[in-house]
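Remarks on the structure that follows.
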There are 2 protein chains.
Amino acid sequence: MTSAPYASRERSTKERILGAAEALFATHGFAGASLRQVTAAARVNLAAVNYHFGSKDKLIEEVFRRRLDELNTRRLAALAKVAGQEDTSLEDVLDAYIRPALDLSRNDGGAAAFVRVLARAYAEHNETLRKFLSENYGHVLRQFAGEFARLLPGLAKDEIYWRLDIVTGALTYAMADFGIIQRKSDVDERDHRETAAEHLIRFAAAGLRNPSVSTSTATR
Amino acid sequence: MTSAPYASRERSTKERILGAAEALFATHGFAGASLRQVTAAARVNLAAVNYHFGSKDKLIEEVFRRRLDELNTRRLAALAKVAGQEDTSLEDVLDAYIRPALDLSRNDGGAAAFVRVLARAYAEHNETLRKFLSENYGHVLRQFAGEFARLLPGLAKDEIYWRLDIVTGALTYAMADFGIIQRKSDVDERDHRETAAEHLIRFAAAGLRNPSVSTSTATR
DNA sequence: GTTTGAATCAAACGATCGTTTGAGAATACG
DNA sequence: CGTATTCTCAAACGATCGTTTGATTCAAAC
């Protein structure tokens with residue numbers, strides 16, 4: 001076997017590190033969470049991170065790759081179900097874009113932390129991470145833009161990307177649960193996110209349907 | 001006098017520290033930017049931070065307070081010009097909410113960094129900072145919500161706050177210039193932000209005007 | 001049973017962090 | 001002027017950071 005000899009534990013050392021890192025990066029940031037905190041939370045030796053991942057930066061990359069691949073797949077699968085069909089509504093495509101992102105934080109307790117990690121990555125404004133995201137998401141975004149263009153024939157390509165950018169902003173914000181609106185203690189988190197998704201989809205649909213205005217020079 | 005004896009310099013030590021800290025916090029985060037970087041950029045001795053501000057945390061608070069007070073004032077002033085009047089449009093109120101935030105980054109080179117700092121503060125998800133922001137912005141948000149309620153009589157109060165939250169998310173995202181769409185090199189940053197403001201306002205107006213739906217069972 | 005290689009561990013490495021110190025320079029005030 | 005106060009500065013403090021080392025433990029290969 002190529003797998004770890006120590007695999008008798010519930011989860012492998014690598015997975016425990018990834019999980020702990022995800023949670024701690026979400027709450028303390030990449031620079032704020034130390035490898036000592038991470039390894040302690042994972043009940044793993046300090047040296048394990050450098051042994052399994054090489055460095056802290058590589059660990060951060062792995063945290064991203066693991067979840068992004070999943071989100072990538074889910075979004076494209078959801079889009080494939082509605083793309084190109086005659087009775088597809090704008091809300092259906094928005095749902096395919098928004099729901100997998102919000103779902104990611106419901107199905108898995110660990111993934112809930114990741115959405116905050118993702119939002120933080122945007123805030124970090126790190127050029128390396130930005131490039132990494134753009135390379136891994138460029139084709140996804142392009143596919144969605146194409147489908148939106150089909151459903152909104154009145155809008156220019158530039159305009160579509162502008163509006164998709166706004167939707168992504170609101171989605172990122174919602175995923176990270178940044179909102180001013182505090183979830184009431186008697187409301188389940190699932191329900192809260194479901195409500196957030198519904199509001200977001202309806203709001204975004206209205207914004208996207210808005211007829212285009214001749215804007216002198218389209219910049220972005 | 002209570003002012004600094006060394007005041008013969010172009011700007012005081014405190015102000016130079018604040019400016020440098022703002023810029024470095026924006027690019028490297030609060031934990032990522034060290035006081036040695038900050039003091040070096042400000043051409044100031046390392047000990048000056050603890051002498052003038054007490055600690056790094058207090059410095060962070062000061063960076064926030066300085067700009068937030070200004071944004072606070074501008075937003076309320078802009079709102080006062082249109083609130084309660086007969087011919088006020090939804091776009092006018094949105095403009096009062098959105099433009100001061102985006103303007104902050106155009107009038108002053110230093111303030112441009114702050115909008116990223118602000119966005120990062122949301123991402124940090126720090127409970128202390130969140131409380132600080134909510135205490136300093138609660139009344140502003142309430143005033144805007146009241147005006148929106150007047151212009152959108154068909155919407156419940158809860159619904160208003162939900163949608164304002166979405167607008168804030170997209171605005172935060174836009175302020176930080178997170179967008180996937182890169183600004184073309186031949187486009188001035190002022191024009192870029194102006195275009196961003198226009199898109200955001202029109203998008204948000206459409207989303208806000210969207211008639212309310214009985215929330216019970218929604219989407220899909 | 002011996003060998004082999006992967007995985008874990010305690011301990012230490014040098015670097016950098018935020019903060020403190022104490023002496024000295026610059027200004028204010030009598 | 002002399003004294004007091006404010007500010008600056010180089011240097012060092014202890015703590016913590018990411019990383020490396022070398023010995024040890026474990027499971028499988030032969």
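All values reported here derive from a predicted model rather than from experimental measurement. Below, chains carry the letters A, B, ... as their sequence lines are ordered, and counting in each starts from 1.
Between the CG atom of A/L24 and the CD1 atom of A/I17 there is a distance of 12.0 Å, given to the nearest 0.5 Å.
B/R16 places its CZ atom 13 Å from the C1' atom of D/dC7, with the value rounded to the nearest Å. Taking atom CZ on A/R43 and atom C1' on C/dT8, their separation rounds to 15 Å, with Å as the unit. Taking atom NZ on A/K58 and atom C1' on D/dT20, their separation rounds to 16 Å, with Å as the unit. Rounded to whole Å, atom P of D/dT6 lies 7 Å from atom OH of B/Y51. Computed from coordinates, the B/N50 CG to C/dT21 P distance equals 11 Å when rounded to whole Å. Rounding to whole angstrom units, NZ of residue A/K14 and P of C/dA6 are separated by 14 Å.
Taking the charged nitrogens against the carboxylate oxygens, A/K58 and A/E61 have no contact shorter than 4.0 Å, which rules out a salt bridge.
Side-chain contact between A/L200 and A/V167: absent, with no pair of heavy atoms (C-beta onward) separated by less than 4.5 Å. The shortest distance between side-chain heavy atoms of A/E70 and A/R74 falls below 4.5 Å.
Partners of A/R66 under the salt bridge (charged side-chain N to carboxylate O under 4.0 Å, His left out) rule, at least two apart in sequence or in another chain, are A/E22.
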Tell me, with the steps shown, if A/D92 and A/K81 meet side chain to side chain contact (heavy atoms under 4.5 Å, CB included). CA-CA 9 Å; A/D92 290 333; A/K81 286 183 183 172; over 6 Å; no
Give the intermediate values and the outcome of side chain to side chain contact (heavy atoms under 4.5 Å, CB included) for residues B/L18 and B/L59. CA-CA 8 Å; B/L18 281 172; B/L59 170 62; 3.9 Å; yes
Where do B/Y161 and B/R142 land on the side chain to side chain contact (heavy atoms under 4.5 Å, CB included) test, with the steps shown first? CA-CA 9 Å; B/Y161 275 106; B/R142 243 170 283 128; 3.3 Å; yes
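A sub-4.0 Å separation between OP1 or OP2 of C/dT8 and a side-chain N or O of A/H52 is present. When the side-chain nitrogen and oxygen atoms of B/T13 are compared with OP1 and OP2 of D/dT8, one or more of them lie within a distance under 4.0 Å.
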In B/S/- notation (B base, S sugar-phosphate only, - none; protein heavy atoms under 4.0 Å), nucleotides 11-17 of chain D written 5' to 3' is -B----B
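Comparing the helix axis at one end of the helix from C/dG1-D/dC30 to C/dA23-D/dT8 with that at the other, each defined from 5 consecutive pairs, gives an inter-axis angle of 10° (nearest 10°).
Ring pair A/F144/A/Y97 is perpendicular by interplanar angle, where above 60° counts as perpendicular and below 30° as parallel.
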